[in-house]
A.B. asks: 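First the structure, which I've put down as C-alpha cells, then a few questions once you've had a look.
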Amino acid sequence: MTDHRKNKIMIVAYPNQGHINPSLRFAKSLVKMGVDVTFSTSVSVIRRIDMQTTHHSLTFAPFSDGHDDGQKSTTTFQQHYSDFATNGVYAVKEIISSAAATGQPFDDLVYTSAVPWAAKVAHAHNLKSTLLWCQPASVLDIYYYYFNGYEELISCNNNNPTFPINLPGLPSLTIADLPSFMWSSCPKEHKFIMDFMKDHVDVLKIFPRILVNTIDELEIDPIRAIEKVVMLPVGPLVPSELFEGSGPSNSPFSCDLFEKPIEDYIKWLNTKPKSSVVYVSFGSMATLSIEQVEEMASGLVESGRPFLWVIRDSGQVGKLSKIEELKKQGMIVSWCSQVEVLNHQAIGCFLMHGGWNSTMEALATGVPTVVYSQWSDQATNAKMIEDVWKTGVKVKRRKEDGMVEGKEIKRCVEMVMEDEEVRRNAKKWRELARKAISNGGSSAINLKAFLDDA
Ligand code: UDP
C-alpha cells in the first residue's frame, strides 16, 4: 500500500516529441512514487518505445489516430490535430470505461497541451482530470488573460510588434513577445490553435488545478498570477539519469520519434575542450529556409568554434555551399540525444529556437543559450531568457525580411560564450533545478500535493 491517495493515473499525450518527452518523464516520476500509470497516445509513437525494457507499473494504451505509419509531410498540423482528437475521444472513453469495469478505475487523467478534449471525456465519466502544461506558466497566463479581458487590446494592436502589453504577474511585454498565434502575421493555417487554447482556458473553470513543466523559483509571480487557477510546478521534466549521475539508458520512459544518426557525436565531443562547442538545434518541428541555414553556416564558420549541429532535413545539408569547411570545423547530425549532449562538459552554448523542453533542458544542464525563436511560445520564452532569467540572448533580425545574418549569429555566440554573468546565471539554474526535484524541493512537494489531493 502506498500512503497517497492517487494510485492509478492515465496520461494522454499529444504525439509530438515536445509533448511525449515531458509526459513520459512525468510518468516516470509517478511510477517512482508508487503510482500505476497507463500511458496513452498514438500507435506510431508507442511503436518507437523500447519494449525490451518494461516496468511493471507502466502500461501502454496505444490507439490509431489514422496515421499509424507516422505523419506524412503533406499532413497539416490542423488535420492531424483533428484526426488525433476524433479517434482519441473514442479510445480514451473505452480505456476509462474498461478500467472502471474491472473494478480498478483511474484516480485522475493527466493530459498534455493540445489535448483539451481529454478533460471533457474525463468529466463525462466523473473522472478528475489535470492539464500537464508543457510551456511556461507565463504563456498560460497570456492565453488566460487574452480570453479574459485582453482580447480586444491585443487583437486591435497585433500588427504593431512594439505595442506594450502589461498583464498581471508578468514582466512588461510587447506584442512581439506574445505567442505567435496572437500576431497579425500568424498564418491562416495556425489560427485554429487559438480555438484549442480557448478550450484549455475554459476547462480551467472546471479543473483549476494544473501541473506545469516549470520550477517554482523560475516563475514565482506568473505561477500565482491567476487567482482562480492553482499551478503546481513539477519541473524540470528532464530524464532523471541527468541528476542521478548515471548515463542515458534505453527505457520505456523515453522515446525518440526520429532515427538516431550513425555519427558517434559523443566520441567526437569527447575530443573537444571543456565548454568549447556550440550545440545548434531547432527542435523537432521548426524548419529554416535554405537561405537562413546558409547564414547560420557562415556565422558558425566565422565564429571559428567547433559545433554540433542538428539539421533534420538531409536535403538541406546537401545544398550547403560551405559544406567542406563546415565538416572540418564541426559535426552535422540528423538527430541526437539532446540532454546527453547538453550535459556533456564540451558544450559551451546552445543556439536554439526557444522550444520549452529545450529551454528547460538547457536550464537543467546549466548551458547558456542564443535564441532564434520561430513560432508558438518561443518568442515569450526568448524574452524571459534574455530579460528575466538572463541565461542567454535573443538574436536580432534584419528589418527588411526578418532574416538573421551570419554576423549576428557570430556576435550572439561570442557574447554568451564569453559573458561571465550569463554563464553564472546558467549555472545557478542548474543547481536550482536539481534542488527543485530532489527530496523536499519545490517540485517534489508539488508532485506529492498533486497525488494527495484525491
Ligand atoms: N530533441 C532531441 N534531439 C534533437 C532535437 C530535439 O532529443 O536532435 C528533443 C529535445 O531534447 C526536446 C524535444 O526534442 O526534449 C524538443 O522539444 P522542444 O519543446 O524544445 O521543441 P519542439 O520540438 O516542440 O519545437
Side-chain angles (χ1 to χ4, degrees), residues 1-15 19-20 22-47 49 51 54-66 68 81-134 196 199-200 202-211 230 232 234 252-253 446-454:
M1 278 290 282
T2 46
D3 59 349
H4 43 255
R5 280 175 282 172
K6 281 181 188 158
N7 291 314
K8 187 168 170 175
I9 292 179
M10 175 171 184
I11 297 180
V12 184
Y14 195 75
H19 295 206
I20 294 297
S23 51
L24 273 177
R25 293 164 187 173
F26 183 66
K28 190 169 184 178
S29 311
L30 292 178
V31 163
K32 277 189 170 169
M33 301 279 288
V35 178
D36 279 335
V37 176
T38 297
F39 191 89
S40 190
T41 186
S42 68
V43 168
S44 62
V45 168
I46 304 289
R47 269 192 196 145
I49 291 179
M51 293 297 172
T54 52
H55 193 289
H56 64 276
S57 297
L58 177 69
T59 308
F60 289 107
F63 62 86
S64 173
D65 59 6
D68 293 356
Y81 174 83
S82 147
D83 291 345
F84 185 73
T86 314
N87 292 289
V89 165
Y90 286 102
V92 170
K93 265 185 199 165
E94 268 301 307
I95 299 164
I96 295 173
S97 307
S98 47
T102 58
Q104 291 183 311
F106 292 107
D107 298 317
D108 206 309
L109 183 153
V110 172
Y111 60 98
T112 63
S113 340
V115 196
W117 49 264
K120 293 180 194 160
V121 176
H123 195 48
H125 286 77
N126 285 325
L127 173 61
K128 271 192 163 197
S129 71
T130 310
L131 169 63
L132 172 62
W133 182 249
C134 303
F196 81 64
D199 284 348
H200 272 305
D202 286 346
V203 168
L204 296 176
K205 289 185 196 131
I206 314 171
F207 299 111
R209 198 170 149 96
I210 65 162
L211 299 156
V230 179
L232 293 175
V234 289
F253 299 101
N446 287 330
L447 180 61
K448 189 163 184 309
F450 162 68
L451 291 176
D452 285 344
D453 175 47

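Just the heavy atoms: all of them, side chains too, but no hydrogens, waters or symmetry mates, feed the values below.
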A.B. asks: With rounding to the nearest 0.5 Å, note down the distance linking CG in L211 to SG in C134.
C.D. replies: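 Nearest 0.5 Å value for the CG-SG distance: 10.0 Å.
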A.B. asks: Report the distance from atom CD1 of I49 to atom CD1 of I46, rounding to the nearest 0.5 Å.
C.D. replies: 4.5 Å
A.B. asks: Side chains of residues 28-40: which donor-acceptor partners sit under 3.5 Å, not counting sequence neighbours?
C.D. replies:
residue: K28; atom: NZ; partner: S240; partner atom: OG; Å: 3.2
residue: K28; atom: NZ; partner: E241; partner atom: OE2; Å: 2.8
residue: S29; atom: OG; partner: R25; partner atom: O; Å: 3.2
residue: K32; atom: NZ; partner: E244; partner atom: OE2; Å: 2.7
residue: S40; atom: OG; partner: A61; partner atom: O; Å: 2.7

A.B. asks: Are R47 and D68 close enough, and set up right, to give a side chain to side chain contact (heavy atoms under 4.5 Å, CB included), and what steps lead you there?
C.D. replies: CA-CA 9 Å; R47 269 192 196 145; D68 293 356; 4.1 Å; yes
A.B. asks: Determine whether more than 12 heavy atoms belonging to other residues, nucleotides or ligands lie under 6.0 Å from atom NE2 of H123.
C.D. replies: no
A.B. asks: What are the two closest non-hydrogen atoms of L24 and P252, and how far apart are they?
C.D. replies: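 Residues L24 and P252, closest heavy atoms: CD2-O, 3.7 Å.
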A.B. asks: Do H56 and T54 come within less than 4.5 Å of each other through their side chains, counting heavy atoms only?
C.D. replies: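 Sidechains of T54 and H56: no contact.
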A.B. asks: Under a 4.5 Å cut-off applied to non-hydrogen side-chain atoms, are L132 and S23 in contact?
C.D. replies: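 The answer is yes, as the side chains (C-beta and beyond) meet within the 4.5 Å cut-off.
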A.B. asks: Testing the basics here: between A119 and Y111, what is the closest heavy-atom pair and its distance to 0.1 Å?
C.D. replies: CB-OH, 3.5 Å
A.B. asks: Under 3.5 Å, is there a donor-acceptor pair between the side chain of K6 and the main chain of D108?
C.D. replies: no
A.B. asks: Check L109, V121, V110 against V12 for a side chain to side chain contact (heavy atoms under 4.5 Å, CB included) and give me the one that passes.
C.D. replies: L109
A.B. asks: Sequence neighbours left out, cut at 3.5 Å: what donor-acceptor pairs do the side chains of residues 91-98 make with other protein atoms?
C.D. replies:
residue: S97; atom: OG; partner: K93; partner atom: O; Å: 2.9
residue: S98; atom: OG; partner: E94; partner atom: O; Å: 2.9

A.B. asks: Roughly how far, to the nearest 0.5 Å, is the OG atom of S42 from the CD1 atom of I20?
C.D. replies: 7.0 Å
A.B. asks: Does R209 form a side chain to side chain contact (heavy atoms under 4.5 Å, CB included) with L232? I'd like the steps, not just the answer.
C.D. replies: CA-CA 7 Å; R209 198 170 149 96; L232 293 175; 4.0 Å; yes
A.B. asks: Within this structure, what is the NE2-CZ distance for the pair H55 and F253, rounded to the nearest 0.5 Å?
C.D. replies: 5.0 Å
A.B. asks: I'd like to check the ring-ring contact (aromatic ring centres under 6.0 Å, His included) partners of F84; sequence neighbours left out, ordered by chain and number.
C.D. replies: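 By the ring-ring contact (aromatic ring centres under 6.0 Å, His included) rule, F84 matches Y14, F63, W117.
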A.B. asks: When you compare the side chain of T112 with that of T41, does any pair of heavy atoms fall below 4.5 Å?
C.D. replies: no
A.B. asks: To the nearest 0.5 Å, what is the distance between CG on D452 and CZ on R5?
C.D. replies: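 Result: 6.5 Å between the selected atoms.
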A.B. asks: Could you check whether any side-chain N or O of N87 sits under 3.5 Å from a backbone N or O of D83, counting only pairs where one atom can act as donor and the other as acceptor?
C.D. replies: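 It does hold such a pair.
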A.B. asks: Kindly say whether D107 contributes a backbone atom to a donor-acceptor pair with the side chain of K128 at under 3.5 angstrom?
C.D. replies: no
A.B. asks: Taking C-beta and beyond as the side chain, do H19 and S113 meet within less than 4.5 Å on heavy atoms?
C.D. replies: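 They are in side-chain contact.
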A.B. asks: For P116 and A114, which heavy atoms make the closest approach, and how far apart are they?
C.D. replies: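 Of all heavy-atom pairs spanning P116 and A114, the closest is CD-C, 3.2 Å.
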A.B. asks: Could you measure the distance from the CH2 atom of W133 to the CD1 atom of I210? Nearest 0.5 Å is fine.
C.D. replies: 8.0 Å
A.B. asks: Distance-only, no hydrogens or angles: does the H200 side chain make a donor-acceptor pair with backbone N or O of F196 under 3.5 Å?
C.D. replies: no
A.B. asks: Between P15 and D65, what is the shortest heavy-atom contact and its length?
C.D. replies: CG-OD2, 4.1 Å
A.B. asks: Is there a side-chain contact between V234 and F450 (heavy atoms, below 4.5 Å)?
C.D. replies: no
